[in-house]
Amino acid sequence: QVQLVESGGGLVQVGGSLRLSCAASGRAFPNYAMGWFRQAPGKEREFVATISRNSAGRNYADSVKGRFTIARDNAKNTVTLQMNNLKPEDTAVYYCAASPGSYYYLDDFASWGQGTRVTVSS
């Protein structure tokens, strides 16, 4: 399918900002819907944000809406997640994911990166 590598995680204070990046391999990248998911300690993986192939469609979890922004650059095979006004509950391992289907259907995301850790200090 497609190989994904996340970067940009780290330690940040409450109210701070961080930008995560995802690099995808292959020329087929524009054919995939892309997304970000996260898994907090002791919790299951949860949806954060997704974006359509042409960036016309975006979807956000209620918990991050207004604070996070997902974007993509098909010429560079990259997807980013700009995170602002970070909260302690944002602490998690963040995963980049790809879907051969629609950005709207979360079950279609089947290719995953290895994750990058984000820690928000209180």
Residue Asn54 excluded, over 12 heavy atoms near CG under 6.0 Å:
yes
Reported CG-to-CZ distance for the pair Asn84 and Arg19, which is rounded to 0.5 angstrom
9.0 Å
Kindly indicate whether the side chain of Val12, heavy atoms from C-beta on, has any atom under 4.5 Å from the side chain of Thr119.
no
Is there side-chain contact between Leu20 and Met83, with at least one heavy-atom pair below 4.5 Å?
yes
Would you confirm whether Ser99, through its side chain, and Asp108, through its main-chain N or O, come within 3.5 Å as a donor-acceptor pair?
yes
With a 3.5 Å cut-off and no angle check, do the side chains of Asp73 and Thr78 form a donor-acceptor pair?
no
Taking all heavy atoms of Met34 and all of Cys96, pick out the closest pair and write down the distance.
CE-SG, 3.6 Å
State yes or no: do Trp112 and Leu106 share one hydrophobic cluster built from I, L, V, M, F, W and Y residues joined by side-chain heavy-atom distances below 4.5 Å, directly or via other members?
yes
Do Phe47 and Val64 sit in the same hydrophobic cluster, where Ile, Leu, Val, Met, Phe, Trp and Tyr count as joined when their side-chain heavy atoms come under 4.5 Å apart?
no
How about CZ on Arg117, more than 12 heavy atoms from neighbouring residues, nucleotides or ligands closer than 6.0 Å, or not?
no
Ignoring hydrogens and angles, tell me if any N or O in the side chain of Arg45 forms a donor-acceptor pair with the backbone of Phe37 under 3.5 Å.
no
Is the closest side-chain heavy-atom distance between Glu89 and Ser63 below 4.5 Å?
no
I'd like to know if the side chain of Thr91 and the backbone of Val120 have a donor-acceptor N/O pair within less than 3.5 Å.
yes
So does Ala97 get a backbone contact from the side chain of Ser111, meaning a donor-acceptor N/O pair under 3.5 Å?
no
Which heavy-atom pair separates Tyr32 from Ala98 by the least distance, and what is that distance?
CD2-CB, 3.9 Å
Identify the two heavy atoms, one from Asn74 and one from Asn77, that lie closest to each other, and give their separation to 0.1 Å.
O-OD1, 3.3 Å
Hydrophobic cluster identity match, Val48 and Tyr104, side-chain contacts under 4.5 Å
no
Tell me whether the NZ or CZ atom of Arg72 lies within the 45° cone about the ring axis of Phe29 and under 6.0 Å from its centre.
yes
Which atom pair, heavy atoms only, marks the closest approach of Ser102 to Ala33?
C-CB, 4.0 Å
Keeping Glu6 on the side-chain end and Gln114 on the backbone end, is there a donor-acceptor pair under 3.5 Å?
yes
Taken in chain and number order and not counting sequence neighbours, the residues that satisfy ring-ring contact (aromatic ring centres under 6.0 Å, His included) with Tyr94 are none
Taking side chain as C-beta onward, heavy atoms only, is Tyr60 less than 4.5 Å from Thr50?
no
Would you mind reporting whether Val79 and Ser21 have side-chain heavy atoms less than 4.5 Å apart?
no
Does a side-chain heavy-atom distance below 4.5 Å link Arg38 with Glu46?
yes
side-chain contact (heavy atoms from CB on, under 4.5 Å) involving Ala23 - partner list, sequence neighbours excluded
none
Group every Ile, Leu, Val, Met, Phe, Trp and Tyr by side-chain heavy-atom contacts under 4.5 Å, then state whether Leu86 and Trp36 land in the same group.
yes
Give a yes or no answer on whether the side chain of Thr116 reaches the backbone of Ser7 with a donor-acceptor pair at less than 3.5 Å.
no
Restricting to non-hydrogen atoms, name the atom on Ala24 and the atom on Leu4 that form the minimum distance, rounded to 0.1 Å.
CB-CD2, 3.6 Å
Are Ile70 and Val2 connected in a single hydrophobic cluster, I mean Ile/Leu/Val/Met/Phe/Trp/Tyr linked by side-chain heavy atoms less than 4.5 Å apart?
yes
Over all heavy atoms of both residues, which pair between Gln39 and Glu44 is shortest? Give the atoms and the distance, please.
CG-C, 4.1 Å
How long is the gap from OG1 on Thr69 to NZ on Lys65, to the nearest 0.5 Å?
12.0 Å
